[in-house]
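The next block holds one structure in the form of structure tokens; read it before the comments.
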Protein chains: 2
Amino acid sequence: MTEFPEDASPPQTDFDAFHQRLRGCYADLPKRLVQLADFVTASPDEVALGTVSSLAGQAGVQPSTVVRFARTLGFAGFSDMQAVFRDRLRVRNVAYRDRVNALHRVDGEPLEASVIFNGFYEAALDSLRALQAHLLPDRLEAAVTTLAQAQCLYLLGLRRSMPVIRYLSYLLAKLDIRHQIIGLETGMEEESFAHAGAQDAALVLSYTAYAPRTIELFQALEARHVPVISMTDNAASPVIPQSGLWLEVHEADFQGFRSNAASMVLVSTLAAAIAERRG
Amino acid sequence: MTEFPEDASPPQTDFDAFHQRLRGCYADLPKRLVQLADFVTASPDEVALGTVSSLAGQAGVQPSTVVRFARTLGFAGFSDMQAVFRDRLRVRNVAYRDRVNALHRVDGEPLEASVIFNGFYEAALDSLRALQAHLLPDRLEAAVTTLAQAQCLYLLGLRRSMPVIRYLSYLLAKLDIRHQIIGLETGMEEESFAHAGAQDAALVLSYTAYAPRTIELFQALEARHVPVISMTDNAASPVIPQSGLWLEVHEADFQGFRSNAASMVLVSTLAAAIAERRG
DNA sequence: TTTGGTATGGAATATTCATTCCCTTTCTGG
DNA sequence: CCAGAAAGGGAATGAATATTCCATACCAAA
């Protein structure tokens, strides 16, 4: 078990050192070497996996210039420089203790960050895979149709779902699609859809345990005959609309933090598909 | 050649196909080839980056056996097999655009929603995998240390990164960690960190093309000697802090929409790890 | 315009590395 | 135990690729 010293100098990779050097002499570099420097920073993967001539071709210089570039930066030759880029590409297996170990702190020490990372990483992957497996193309298409026809889109999702809703709002704004978030101001939720009707549509996000306020607002929307699309995790969820247009999303959780990877991908899809449909 | 009805999203990569084939004939493989099969599945990076003899050495077989192995699995030779492993290492940031542009409105019809979904799905997966591959555990640990010691956390990320910052803010609030978003009110950015100093810390998110305002604010933070941790996509990024404490994040992009899956997972990790560290 | 120095291009050379081939060893079935 | 086949080892071969070197183009100062 390696103890990480609290005040140790930050770990600096050869790759970082290279870029530091590069920045240092960038200004004094001749034309062709600048050209290469730009290419090399833009596509480090090409350097790692390519050959002298493949790089030369892509960067628009001669093979010899590539070697010169490497020597200018203090390497013995191209291969020497490439080694630095290859090393960066190697997968550093993030320390992966047993999940069991991860959940129980054996000696009162804080969990290693990489273990926590792995938890969130796996949760995100699980959520995405589950979504991919369960998503019904026809249902999705129908949802897009409904949302695309709306004059104004009302977005509802409180607590954990609020960040997802905000993200969707950002996307819709970029795509110039009229919309309105419900619940930005506590206590004013109903007012925000005072003018909503059958010509509009709403998207509701709610996962267990369903926030009571979300359920209330969902019912208010249905009472106003606003077409509702729901993203939720259960066929018996309280926010399934009358129309039956709901999308199944299961977010895995890690230590009580629920992933939102699947929701993010799905709302991105909806935003892009609506824009696409409208032309 | 196997026919896939849908080429917009291959159900499996060449790499997956390879492993499937390998599993299929694993039982009938002679001793040395089994030895190689084990090695190859255990360290795919070595295959991608190594040479015939380096692999032979590490797996304890003769170079010729490595070539035999490749041929047995249906490749023309070692190089052919290596190409599959190398391809897996590449971070694809542009592929999707072309892929979908090909399908884009061939006959004036809008793209099917499920095709769009697949694009976002793949982009999210790619981003997550790239993060897992490139994340340096020591660096992450050092970043957490810095952030955990801060009295107040300042969060900076404009435009595309704003939703991620808002999500992080939500998590920190839940965890009762003092923090402040920079840039909630346009024009008032500097005021929000008027009292920040060395006792605090800042987390900066910025990806290409780096928003000029983010760079300015980053520099202002550094000028105030606020310890800065950056999440960015390039060693030559303008928001790399003096301390060298930056975390590499590559978000794949689909039709101009950049994924944020990797960023989300990483900020979740940071939030949870800080809370864990503080106990 | 000339001159000295530097940058660049391109071809020749050296090296590394995958591939091939053949001989030896190890299995397998009679 | 033997014959035949399959597997494995290792060196020779040839192709791919990095490196070196030199002629030429460029540029700045005289």
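Residue numbering restarts at 1 for every chain, and letters A, B, ... go by the order of the sequence lines.
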Query raised in the report: Does any non-hydrogen side-chain atom of A:Asn118 lie less than 4.5 Å from one of A:Glu122?
Result: yes
Query raised in the report: Hey, what's the ring geometry for A:Phe15 with A:His19, parallel, tilted or perpendicular (30° and 60° as the breaks)?
Result: perpendicular
Report task. Name the orientation class of the two ring planes belonging to B:Phe254 and B:Phe120 (parallel below 30°, tilted from 30 to 60°, perpendicular beyond 60°). Result -> perpendicular
Query raised in the report: Minimum heavy-atom separation for B:Ile240 to B:Ser237, with atom names?
Result: CG1-O, 3.2 Å
Query raised in the report: So is B:Arg21 actually on top of B:Phe75's ring, under 6.0 Å and inside 45° of the axis?
Result: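 B:Arg21 over B:Phe75 ring: yes.
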Please state how far atom [atom1] in [X] lies from atom [atom2] in [N], giving the value in whole angstrom units.
X: B:Leu29; N: C:dC27; atom1: CG; atom2: C1'; result: 16 Å
X: A:Phe69; N: D:dT19; atom1: CZ; atom2: C1'; result: 17 Å
X: A:Phe75; N: D:dT19; atom1: CZ; atom2: C1'; result: 17 Å

**Report entry** B:Gln35 side chain to B:Arg32 side chain, donor-acceptor N/O pair below 3.5 angstrom
**Finding:** yes
Check: protein-nucleotides 5-15 of chain C nitrogen or oxygen pairs below 3.5 Å:
| residue | atom | partner | partner atom | Å |
| --- | --- | --- | --- | --- |
| C:dT8 | OP1 | A:Arg32 | N | 3.0 |
| C:dG9 | OP1 | A:Arg32 | NH1 | 2.2 |
| C:dG9 | N7 | A:Ser64 | OG | 3.4 |
| C:dG9 | N7 | A:Arg68 | NH2 | 3.3 |
| C:dG10 | OP2 | A:Gln62 | OE1 | 3.4 |
| C:dG10 | OP2 | A:Gln62 | NE2 | 2.3 |
| C:dG10 | N7 | A:Ser64 | OG | 3.3 |
| C:dG10 | O6 | A:Ser64 | OG | 3.2 |

Query raised in the report: If only side-chain N and O atoms of A:Arg71 are considered, is one of them under 4.0 Å from the OP1 or OP2 phosphate oxygen of D:dT19?
Result: no
